[in-house]
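Worksheet: one structure, shown below.
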Amino acid sequence: MDLGLTGRTVLVTGASSGVGLATARMLLAEGANVAACARDVTKLEAALDGPPGNLHLGACDVLDDRAVQRFVERSAEVFGGLDGVVNNAGRSLMARWDDTGEQQWREELDLKIFSVLHVLRAARPWLRESDAASVVNVNAILARQPEGRLAATSAARAALLNLTKTLSGDLAEEGVRVNSVCLGLIDTGQWRDRYERSGSALDFAAWSAELAADRGIPLGRLGTAEEVAFPVLTLLSPRASYLTGTAIDVGGGVARSL
Ligand code: NDP
C-alpha cells in the first residue's frame, strides 16, 4: 500500500541514532522530504544520508527554544512547508524516586514536555497550511505502566501522554492530528550503552534475551528501531486521516493495560 508520503515534508528530532534514524531513513525510502536534527551534527551527518534535495540536516538542542525556532523555520523554507513532525529526541533516567535529585526531576519534566512544545510552537504555522498534518510524539509504555527504577521518567512520560491528548483536541480544528507511539524496550543506543556499562560476560543477544524474560515481554525479545518506525510512518500517513489522540503501544506485548 502506498502510504502517500512521497513529496511530503517531515521533521524528525533526535535522528542520529535509534528510532529517529530508522524513521528518517524509512521516510526517505518512501520519497518524503526529511528535516532531521540532533545536538551532535557530525554524528548526524555520518549516520544519515539521502538525496540532497530531500534531506536537510541541522544541529539543534530541542531544549533550546531559539535554536528550535531557527531549525524549524529553515526546514520549512528549504522544502516550502511542513506536513509532519516526529518528536523523538530524548533519553530516560534510570533511578528510583528517592535516588532522584530535585534538579533531575526538573530536567526529566523539561525534556519530555519542552522537547515537544518548542517544536510544535515553531512548526504550528506551517502545519496549519498542510492539507494532511500529523504530529507523532515518541513516548513509552511507562506513561501508563510506571516502573520504580525509572520513577521520574515514568512520571514525565505520563505528563507527555496527557499533554498529547490535549494537543490532539486543540489542534484538530486546525487540521493537525496528534498521536503517540509508546515504546517498550527497543534495541537502540540506549540499551547498547546499558549493556556496555553492565560489564556482563554475555554477548548482547543473550543479555537482551535475559532482559526480555526478566521484563516479561511476551514476544521474548527487544524490538528494533524499524519496528517502531513503521507505526510512526503509519500515523504520519494521510491515509490515517481519522486517527488523532490515540497511542500505539510498540512493546512486544509488554503493556498490561487493555
Ligand atoms: P537514542 O539514544 O538511540 O537516540 C536519541 C537521539 O536523540 C539521538 O539522535 C540524540 O542525538 C538525540 N537527542 C537526545 N537529546 C537531544 C536533545 N536535547 N536535542 C536534540 N536531540 C537530542 O534513543 P532511542 O532511539 O532509544 O530513543 C528514541 C526516543 O524513544 C527517546 O525519546 C527515548 O527516550 C524513547 N524511548 C526509548 C526506549 C528504548 O527502549 N529505546 C523506550 C521508551 C522510550 P544527540 O545526543 O546528538 O543530541
Side-chain angles (χ1 to χ4, degrees), residues 11-26 34-48 57-72 75 85-94 107-119 122 136-147 149-150 152-161 164 180-197 204 208 211-212 215 217 221-229 231-232 247-252 254-255:
L11 186 146
V12 183
T13 67
S16 62
S17 82
V19 170
L21 179 59
T23 301
R25 284 181 176 153
M26 210 176 273
V34 174
C37 74
R39 289 166 300 182
D40 182 344
V41 76
T42 309
K43 187 176 162 200
L44 178 65
E45 284 168 354
L48 184 58
L57 302 178
C60 177
D61 183 339
V62 289
L63 292 176
D64 180 342
D65 201 8
R66 285 195 199 159
V68 170
Q69 186 76 36
R70 282 194 299 273
F71 178 68
V72 171
S75 301
V85 168
V86 181
N87 287 308
N88 165 76
R91 56 160 168 69
S92 56
L93 176 67
M94 193 73 94
E107 284 171 5
E108 275 303 285
L109 280 161
D110 251 20
L111 181 61
K112 297 325 181 260
I113 299 300
F114 288 104
S115 63
V116 170
L117 287 184
H118 288 162
V119 177
V136 179
N137 292 337
V138 177
N139 204 330
I141 288 170
L142 291 176
R144 284 183 300 226
Q145 191 168 293
E147 283 190 27
R149 67 193 126 207
L150 288 149
T153 296
S154 296
R157 294 216 173 280
L160 174 59
L161 191 64
T164 304
S180 305
V181 170
C182 292
L183 314 189
L185 278 64
I186 308 300
D187 175 6
T188 64
Q190 298 198 22
W191 284 106
R192 297 278 165 169
D193 289 347
R194 283 176 194 155
Y195 165 67
E196 297 298 335
R197 286 200 302 269
F204 182 77
S208 61
L211 181 65
R215 300 294 168 88
I217 301 175
R221 61 175 177 83
L222 306 196
T224 67
E226 290 71 24
E227 287 172 318
V228 180
V232 171
I248 299 179
D249 288 345
V250 189
V254 77

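Just so you know, ligand 1 is whichever comes first in the structure, and atom 1 is the first atom listed for that ligand.
In this structure, Cys37 and Cys60 approach most closely via the heavy-atom pair CB-CB, 3.8 Å. Pairing each heavy atom of Tyr195 with each of Phe204, the nearest pair is OH-N, 3.4 Å. Of all the heavy atoms in Leu142 and Glu147, the pair that sits closest is CD2-CG, 3.6 Å.
A salt bridge links Arg221 and Glu227; the closest N-O separation between the charged side-chain nitrogens and carboxylate oxygens is under 4.0 Å.
Within 4.0 Å of ligand 1, contacts by protein heavy atoms are made from Gly14, Ala15, Ser16, Ser17, Gly18, Val19, Ala38, Arg39, Asp40, Cys60, Asp61, Val62, Asn88, Ala89, Gly90, Arg91, Val138, Asn139, Ala140, Arg157, Leu183, Gly184, Leu185, Ile186, Thr188, Gly189, Gln190, Trp191.
Glu45 and Thr42 share no donor-acceptor pair across their side chains, judged by distance under 3.5 Å alone. Between the side chains of Asn87 and Thr13, not a single donor N or O lies within less than 3.5 Å of an accepting N or O.
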